[in-house]
Every structure is written in C-alpha cells, then in structure tokens.
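For reference, the structure is listed below as structure tokens.
By convention here, the first residue in the shown sequence is residue 1.
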Amino acid sequence: MEKATGDVSSRGNDSKGRRVMRITLGAIAGVVVWAIVVTACDIVVRKLWLGYAQVEKSLVFTLPMMIMRLSESAACSVLSGFVAALIARERIKSAAGAGIVLLALFLPVHISIWSKLPVWYHLVFLTSLPVLSLAGGFLWRAAGE
C-alpha cells in the first residue's frame with residue numbers, strides 16, 4: 001500500500017517536471033521558429049523589393065518598409081506563440097515565455113539603434129513580441145478544441 005502511494009507521489013512530481021520541461025522547450029522552439037521564419041521572409045523581401053535590400057543595412061526605411069517589417073514580425077510572433085503552446089500543450093506560460101525571450105533578445109538591439117528609427121516603430125515592435133506571442137498561444141487552444 002505504501003509503495004503504491006509513493007508511486008503516485010513520484011509520478012505527480014515527474015508530471016510536474018515534464019510540464020516545466022515542455023513549457024521551456026515550447027518557449028525555446030517558439031523563439032527558434034520566429035528566427036527561422038523571419039529570416040526566410042527577409043530573404044524573400046530582399047529578393048523581391050530591391051529598394052529594401054539597398055537600405056536594409058543603413059536602416060533608412062520608408063514607411064511601407066517599416067510597416068512590412070512590423071507585419072512580418074507580427075506574423076512570426078503569433079506563429080512563435082502557437083508553436084510554443086503546441087509543444088508545451090498549454091497556451092499561456094510557453095507562449096508568454098517565447099515572447100519574453102524575444103523581447104529580452106531585441107531590447108538591447110533596439111536601444112542601440114534607437115536614434116535610427118522612429119520611436120513609434122521601436123515601441124510597436126517591442127510591445128508586439130510578447131503580446132502577439134501570447135495571442136498565438138491562445139490560437140493553439142482554439143485550434144485544439
């Protein structure tokens with residue numbers, strides 16, 4: 001009898017440990033997916049929009065270019081949260097984790113280029129990373145039901 005109780009108790013701990021591992025792996029996978037998809041999108045944009053390729057390194061973007069970049073990031077952030085939630089099999093912690101990691105990665109970058117782009121651009125981009133990743137996590141739940 002005691003052994004059975006011990007087994008249930010240890011299974012509960014294993015279950016919690018596995019859940020934390022899934023959430024962590026989900027968040028990491030979401031960040032990796034964001035990076036892969038945004039890189040692929042950037043390659044396509046550079047090939048199709050020659051003016052964009054010419055100004056990308058100097059960050060002298062036109063308004064349509066900035067909107068395209070923000071849209072690209074937005075779509076990737078939603079996908080990131082969705083993938084995180086799918087892998088973790090839970091929609092909030094993993095998706096929020098992916099968004100927070102993305103924010104932590106990009107905040108120093110945007111601080112270093114702050115003067116090169118309008119403030120609204122930085123604020124929209126940085127805010128959208130955790131918010132839209134979380135939205136992607138909520139999409140997983142809707143798709144799973």
Side-chain angles (χ1 to χ4, degrees), residues 6-145:
D7 288 345
V8 171
S9 168
S10 67
R11 258 186 282 160
N13 289 338
D14 284 346
S15 168
K16 184 177 180 181
R18 285 188 204 136
R19 182 171 182 256
V20 169
M21 183 62 79
R22 281 196 320 269
I23 290 168
T24 303
L25 291 175
I28 292 168
V31 171
V32 169
V33 165
W34 190 99
I36 290 169
V37 175
V38 85
T39 300
C41 290
D42 279 345
I43 290 168
V44 171
V45 169
R46 281 193 295 267
K47 299 267 187 220
L48 297 178
W49 194 345
L50 297 178
Y52 177 83
Q54 293 170 348
V55 301
E56 185 179 26
K57 287 187 181 181
S58 64
L59 302 176
V60 184
F61 299 117
T62 63
L63 180 60
M65 290 175 186
M66 287 188 275
I67 291 170
M68 182 279 308
R69 288 174 60 89
L70 291 172
S71 300
E72 179 181 273
S73 174
C76 290
S77 294
V78 171
L79 180 61
S80 171
F82 182 84
V83 167
L86 179 68
I87 289 171
R89 295 191 304 250
E90 73 81 46
R91 65 183 178 171
I92 295 174
K93 291 178 183 173
S94 57
I100 290 167
V101 169
L102 287 168
L103 178 60
L105 292 172
F106 280 104
L107 189 58
V109 173
H110 277 257
I111 289 171
S112 73
I113 61 170
W114 195 264
S115 63
K116 295 184 179 195
L117 294 163
V119 172
W120 68 263
Y121 178 86
H122 296 292
L123 295 177
V124 169
F125 176 76
L126 294 170
T127 302
S128 72
L129 294 170
V131 170
L132 293 178
S133 291
L134 189 57
F138 282 102
L139 287 177
W140 169 79
R141 186 66 164 197
E145 290 180 337

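Applying the side chain to side chain donor-acceptor pair (under 3.5 Å) definition to pairs two or more places apart or across chains, none involves residues 95-104. Listed by first and then second residue, the salt bridge (charged side-chain N to carboxylate O under 4.0 Å, His left out) pairs involving residues 57-76 amount to none (not counting sequence neighbours).
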For a quick test of your reading: what N or O donor-acceptor pairs under 3.5 Å do the side chains of residues 123-130 make, sequence neighbours left out?
residue, atom, partner, partner atom, Å
Thr127, OG1, Leu123, O, 2.7
Ser128, OG, Val124, O, 3.2
Ser128, OG, Phe125, O, 2.8

List the atom pairs, with distances to 0.1 Å, where a side-chain N or O of residues 99-119 and a protein N or O form a donor-acceptor pair under 3.5 Å, not counting sequence neighbours.
residue, atom, partner, partner atom, Å
His110, ND1, His122, ND1, 2.7
Ser112, OG, Val109, O, 2.6

Can I get a per-line list of side-chain donor-acceptor pairs under 3.5 Å for residues 78-85, giving both atom names and the distance, sequence neighbours left out?
residue, atom, partner, partner atom, Å
Ser80, OG, Gly30, O, 2.9

Tabulate below the donor-acceptor pairs under 3.5 Å that side-chain atoms of residues 58-66 make, not counting sequence neighbours, or state none.
residue, atom, partner, partner atom, Å
Ser58, OG, Val55, O, 3.1
Thr62, OG1, Met65, N, 3.3

Please set out all donor-acceptor pairs under 3.5 angstrom arising from side-chain atoms of residues 38-46, sequence neighbours excluded.
residue, atom, partner, partner atom, Å
Thr39, OG1, Ala35, O, 2.6
Arg46, NH1, Glu56, OE1, 3.1
Arg46, NH1, Glu56, OE2, 3.2

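Residues satisfying the ring-ring contact (aromatic ring centres under 6.0 Å, His included) test with Tyr121, not counting sequence neighbours, are none. Applying the ring-ring contact (aromatic ring centres under 6.0 Å, His included) criterion to Trp49, with sequence neighbours excluded, gives no partner residue.
One distance of note links CZ of Arg89 with CH2 of Trp140; it measures 8.5 Å at 0.5 Å rounding. Note that CZ of Arg19 is 10.5 Å distant from OG1 of Thr24, once rounded to the nearest 0.5 Å.
Side-chain atoms of Arg22 come within 3.5 Å of backbone N or O of Ala88 as a donor-acceptor pair.
Closest approach of Leu132 and Ala74 over heavy atoms only: CD1-CB, 3.4 Å. Nearest heavy-atom pair, Ala98 versus Ser133, reported as atom, atom and distance to 0.1 Å: C-OG, 4.4 Å.
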